[in-house]
Amino acid sequence: MAEKELKKLKRSDLLEILLQQNREMERLQKELEDAKKQLSSREILLAESGSIAEAAMGLNGVFAAAQAACQQYEENIRRRSEQQETMCARMEQETKEKCDRMVAEAQKQADAYWQEAEQKIQQVLQETEGLKKLLSI
């Protein structure tokens, strides 16, 4: 409103205009406070999202370290398994050779016992023949 128009208004009208302006000013102040709160809230969210991003990056590092440890563990298990297989194969070969030697020795002893038994049987037969001849005379 122009200054001339304001001068023409009554006091009650001027007070009404002042009250309306005061209400408008209070409403705008409230909007300003709400906007400040929203801005502050967004700043907190931005700060938290930065913290969340940092935490996620930290977790990625933890996961990478865990993955590396897992791979190293698997490699150690593979290596030890190969060592065990080699050792078992060697022990199996040694055992087989020992068993073969034992079987050969047992066969040799059995052959020796059989020859001794055959000799004794032959001796008994010869003695029996000799007795038969003596008795038949």
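Along the sequence shown, residues carry numbers from 1. Just so it is clear, the model here is predicted, and its values are computed rather than measured.
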Against E24, only a single residue in Q21, Q20, R27 fulfils side chain to side chain donor-acceptor pair (under 3.5 Å); can you say which? R27
Can K98 and M102 be said to form a side chain to side chain contact (heavy atoms under 4.5 Å, CB included), step by step? CA-CA 6 Å; K98 185 176 179 180; M102 289 173 69; 4.2 Å; yes
Quick one: pull up CG in N76 and CZ in R78 and give me the separation to the nearest 0.5 Å. 10.0 Å
Residues in side-chain hydrogen bond (donor to acceptor under 3.5 Å, both in side chains) with R80, at least two apart? none
Identify all side-chain donor-acceptor contacts of residues 110-117 below 3.5 Å with residues at least two apart in sequence or on another chain.
| residue | atom | partner | partner atom | Å |
| --- | --- | --- | --- | --- |
| D111 | OD1 | Q107 | NE2 | 3.1 |
| W114 | NE1 | E118 | OE2 | 2.9 |
| E116 | OE2 | K120 | NZ | 3.4 |

Interatomic distance, CD@Q38 vs CD@E31, rounded to 0.5 Å, equals 10.5 Å
Could I get the full list of side chain to side chain contact (heavy atoms under 4.5 Å, CB included) partners for D100, not counting sequence neighbours? K96
Does S81 use its side chain to pair, donor to acceptor, with the backbone of I77 at less than 3.5 Å? no
Could you check whether any side-chain heavy atom of M25 comes within less than 4.5 Å of a side-chain heavy atom of N22, counting everything from C-beta outward? yes
Distance from D34 atom CG to Q29 atom CD, nearest 0.5 Å? 12.0 Å
Those residues that, when tested against E129, pass salt bridge (charged side-chain N to carboxylate O under 4.0 Å, His left out) (two or more places apart): none
Does this structure show an ion pair linking R23 with E26, if we count only N-O contacts that are shorter than 4.0 Å? no
Under a 3.5 Å cutoff, is there a donor and acceptor pairing between the side chains of Q93 and E97? yes
Please enumerate all residues that pass salt bridge (charged side-chain N to carboxylate O under 4.0 Å, His left out) together with E105, with sequence neighbours excluded. none
Please determine whether the number of non-hydrogen atoms from other residues, nucleotides or ligands lying under 6.0 Å from atom CE of M87 exceeds 12. yes
Trace of the side chain to side chain contact (heavy atoms under 4.5 Å, CB included) decision for Q119 with Q122: CA-CA 5 Å; Q119 286 175 358; Q122 286 298 325; 5.6 Å; no
E94 meets the salt bridge (charged side-chain N to carboxylate O under 4.0 Å, His left out) criterion, sequence neighbours left out, with R90
